[in-house]
2 protein chains.
Amino acid sequence: MGKPNDLVQGTLDLLILRTLANQPKHGWAIAKRIQQISKEVLQVQQGSLYPALHRLEQQGWITAKWAESETGRQAKFYRLTSHGRKQLERETANWKRLSGAINLVVSEA
Amino acid sequence: MGKPNDLVQGTLDLLILRTLANQPKHGWAIAKRIQQISKEVLQVQQGSLYPALHRLEQQGWITAKWAESETGRQAKFYRLTSHGRKQLERETANWKRLSGAINLVVSEA
DNA sequence: CAGGATACCTTGACTATCTACACATCATTG
DNA sequence: CAATGATGTGTAGATAGTCAAGGTATCCTG
């Protein structure tokens with residue numbers, strides 16, 4: 001596999017959903033935005049991104065529509081559904097729960 | 001596989017190393033301690049624990065020795081090596097880097 | 001003597017991610 | 001005008017970490 005250097009496994013869905021929460025974006029823009037906001041720490045590979053998007057679409061958490069991008073090219077825009085919004089809440093809560101627990105252990109007395 | 005409900009994938013090594021940093025422990029005690037410190041949030045399954053311990057041993061980050069446990073039974077005690085201590089530092093730093101980056105995205109304006 | 005806790009471990013399956021490709025369009029540059 | 005790099009979509013194969021479920025054995029308690 002090549003263990004994830006640039007990603008914490010299991011958090012990609014959360015990152016994508018969160019990135020789409022503000023406004024619909026195409027895949028390329030999603031990856032760029034995650035990278036930018038995380039200050040270049042998180043790098044989403046295409047081989048991770050597109051399977052993830054298809055997965056999320058199949059779950060009904062996002063929908064896709066072809067449209068014109070900012071640069072005037074055809075691109076697939078993904079939008080969060082209401083189900084997706086709930087899933088985002090669940091995943092956010094779960095992340096806080098787990099990362100908090102790990103931090104407890106890491107900073108253990 | 002069943003995606004990890006009780007663990008964030010890739011953090012088990014960190015958790016184990018950190019738990020061993022204070023004092024040597026046997027496998028069972030490691031799992032119990034992680035569970036206890038994380039307030040029952042993190043559950044380390046045995047099918048995850050023992051392969052991880054063998055992995056860490058092979059990497060030279062921990063060493064194993066048979067000894068008598070608190071309950072008077074034979075148990076394999078794992079101890080952190082100096083290499084393991086360095087690895088713990090690396091993994092701790094990496095965890096902070098990545099979890100911090102994720103938190104940036106999650107709390108994105 | 002049955003049952004539960006302690007303690008070790010393995011096997012098989014699954015899934016997320018990675019690396020590496022393949023394809024296409026557009027803008028810039030030599 | 002050809003090459004290059006950025007944008008944009010996607011797939012194929014490999015790998016590793018985790019889980020579920022099992023096995024073995026000892027000790028203590030009722």
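Only heavy atoms go into these numbers, but all of them, side chains included; no hydrogens, no water, no symmetry mates. We name chains A, B, ... by the order of the sequence lines, and we start the count at 1 in each one.
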- [ ] Check the distance between dC8(C)'s P and Lys65(B)'s NZ and give it to me in whole angstrom.
- [x] 15 Å
Open item on the list: On the nucleotide dG8(D), are OP1 or OP2 found under 4.0 Å from the side-chain N or O atoms that Lys32(A) carries?
Closed with: no
Open item on the list: Please classify the nucleic acid contact of Gly72(B) as base, sugar-phosphate, or nothing, using heavy-atom distances under 4.0 Å.
Closed with: nothing
TODO: Examine dA6(D): is either OP1 or OP2 under 4.0 Å from a nitrogen or oxygen in the side chain of Thr71(A)? Give yes or no.
DONE: no
TODO: Round to the nearest Å and state the distance from Gln59(A) atom CD to dT15(C) atom C1'.
DONE: 13 Å
TODO: Sort out for me which residue in Glu70(A), Arg73(A), Lys76(A) forms a side-chain hydrogen bond (donor to acceptor under 3.5 Å, both in side chains) with His26(A).
DONE: Glu70(A)
Open item on the list: Is it true that Arg55(A) and Gln58(A) share a donor-acceptor pair across their side chains at a distance under 3.5 Å?
Closed with: no
Open item on the list: Nearest whole Å is fine: how far is dT18(D) C1' from Asp13(B) CG?
Closed with: 12 Å
Open item on the list: Rounding to an integer number of Å, can you tell me how far Arg55(A) CZ sits from dC14(C) P?
Closed with: 17 Å
Open item on the list: On DNA chain D, does the nearest nucleotide to Gly10(B) precede the nearest nucleotide to Ala75(A) from the 5' side, or the other way round? Give the residue.
Closed with: Ala75(A)
Task: Pair Trp61(A)-Asp13(A), side-chain donor/acceptor within less than 3.5 Å - done: no
- [ ] Would you kindly check whether a donor in the side chain of Gln46(B) faces an acceptor in the base of dC8(C), or vice versa, at under 3.5 angstrom?
- [x] yes
Open item on the list: Just N and O in the side chain of His54(A): are any of them under 4.0 Å from OP1 or OP2 of dT9(D)?
Closed with: no
Open item on the list: Without decimals, in angstroms, what is the distance between Arg73(A) CZ and dA27(C) P?
Closed with: 9 Å
Open item on the list: Strictly below 4.0 Å, N to O, side chains only: are Arg18(B) and Glu91(B) in salt-bridge contact?
Closed with: no
Open item on the list: Assuming nearest nucleotide by heavy-atom distance, tell me which of His26(A) and Ser48(A) is located more 5' along DNA chain D.
Closed with: His26(A)
Open item on the list: What is the separation between atom OH on Tyr50(A) and atom C1' on dG13(D), rounded to the nearest whole Å?
Closed with: 20 Å
TODO: Using a 4.0 Å heavy-atom cut-off across all strands, classify Gly47(B) as base, sugar-phosphate, or nothing.
DONE: base
Open item on the list: Side chains of Thr19(A) and Lys25(A), heavy atoms from C-beta outward: is any pair under 4.5 Å?
Closed with: yes
Open item on the list: If I take atom CD in residue Gln45(A) and atom P in nucleotide dC18(C), what distance separates them, rounded to the nearest angstrom?
Closed with: 6 Å
Open item on the list: Can you measure Glu68(A) atom CD to dT7(D) atom P for me and round it to whole angstrom units?
Closed with: 17 Å
